[in-house]
Amino acid sequence: SFSKYDKTVLLPRKRFIYHYNNMRWARGRHETYLCFVVKRRIGPDTLSFDFGHLRNRTGCHVELLFLRYLGALCPGLWGYGETKLTYSITWFCSWSPCADCSSKLAQFLRQTPNLRLRIFVSRLYFCDREDGLEREGLRMLKRAGVHITVMSYKDFFYCWQTFVACNQSRFKPWAELHRNSVRLARKLNRILQPCETEDLRDAFKLLGL
DNA sequence: ATTTTCAAT
């Protein structure tokens, strides 16, 4: 239930820096953090509705934990007719989702068209193999309408201001932040480019075959 | 050149 996480507690500075560091060899990050902002859409306007952060639990990746809390975070998401509300969620995750989470998220989002999701990630989780399931998972999310982006300086800066107990201290970027972000963004772009077989599938679909 | 990864002890 909602009370299981304390949304009033901000992330300690060191924890944020350690877990969101986008270094190439992120040794020992055996946890994943997810900072989120929930916005309710009313007509053309969006209103910030809630924010906070979550950490994975043993046996439950943080994305699926978030889905568990979704009903409490977005009242009216599953209403009928007039009572059905539209939400936009932006989350910032220290790792990109695994194949299983991507698949479950994509499936969930297809069933919930009144929910928009934007995902920022600090690092790419198991995305080295060309034919890896994690890569395909990210493409599935894209096809389900999710915008996935690698976090850049402005995103880390925003998270620092929003989710971290920064006590008005300014965000100090670590060495290589920008370089790593650019490298990972290029890698993600290559991953998200539809592969040849998908192009063919789309072409067949257009032709009605 | 190679290193890690929502742990497993």
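The chains referred to below are lettered A, B, ... by the order of the sequence lines, with proteins before strands, and numbering in each begins at 1. This one's a predicted model, so the numbers in the text were calculated from it and none came from an experiment.
- Across B/dC6 and B/dT2, the matching C1' atoms stand 24 Å from one another, rounded to whole Å.
- You'll find the side chain of A/I17 reaches within 4.5 Å of the side chain of A/W160, heavy atoms only.
- A centroid separation of less than 6.0 Å is found between the aromatic rings of A/W174 and A/F156.
- The ring of A/F126 lies on top of the base of B/dT5, close enough and flat enough: under 5.5 Å between centres, under 30° between planes.
- Atom CG in A/L124 sits roughly 15 Å away from atom C1' in B/dC6 (whole-Å rounding).
- Nucleotide B/dC6 holds its C1' atom 13 Å from the CZ atom of A/R68, rounded to whole Å.
- Dashed line: the shortest gap from a side-chain N or O of A/H30 to OP1 or OP2 of B/dT5 is under 4.0 Å.
- Atom P of nucleotide B/dT3 and atom CG of A/D128 are separated by 10 Å, given to the nearest angstrom.
- For DNA chain B, no neighbouring residue in residues 103-112 of chain A is found when judged by any heavy atom under 4.0 Å.
- The base of B/dT3 sits with one of its N or O atoms less than 3.5 Å from a complementary donor or acceptor on the side chain of A/W25.
- Proximity of A/Y33 to the phosphate of B/dC6: no side-chain N or O atom is located under 4.0 Å from OP1 or OP2.
- In this structure, CG of A/N21 is placed 14 Å from C1' of B/dT5, rounded to the nearest angstrom.
- To the nearest angstrom, P of B/dT2 lies 19 Å from CE of A/M23.
- Side-chain atoms of A/Y87 come within 3.5 Å of backbone N or O of A/P75 as a donor-acceptor pair.
- Salt bridge annotation for A/R68-A/E63: absent, with no cationic side-chain nitrogen under 4.0 angstrom from a carboxylate oxygen.
- Between atom CE of residue A/M23 and atom CD of residue A/E176 there is a gap of 9.5 Å, rounded to the nearest 0.5 Å.
- Rounding to whole angstrom units, CG of residue A/N22 and P of B/dT3 are separated by 20 Å.
- Two residues, A/R27 and A/G59, neighbour DNA chain B, and the one matched to the more 5' nucleotide by heavy-atom proximity is A/R27.
- For the side-chain hydrogen bond (donor to acceptor under 3.5 Å, both in side chains) test, residues two or more places apart in sequence or in another chain that qualify with A/R129 are A/D131.
- The distance from atom CZ of A/R15 to atom C1' of B/dC6 is 15 Å, rounded to the nearest whole Å.
- For an aromatic pair to be called close, the ring centres must be under 6.0 Å apart, and A/H19 with A/Y33 satisfies this.
- A/R24 places its CZ atom 10 Å from the C1' atom of B/dT3, with the value rounded to the nearest Å.
- Base engagement by A/S96 is indicated by at least one non-hydrogen atom pair under 4.0 Å involving a base atom.
- Rounded to a whole angstrom, the distance from the P atom of B/dA1 to that of B/dT5 is 23 Å.
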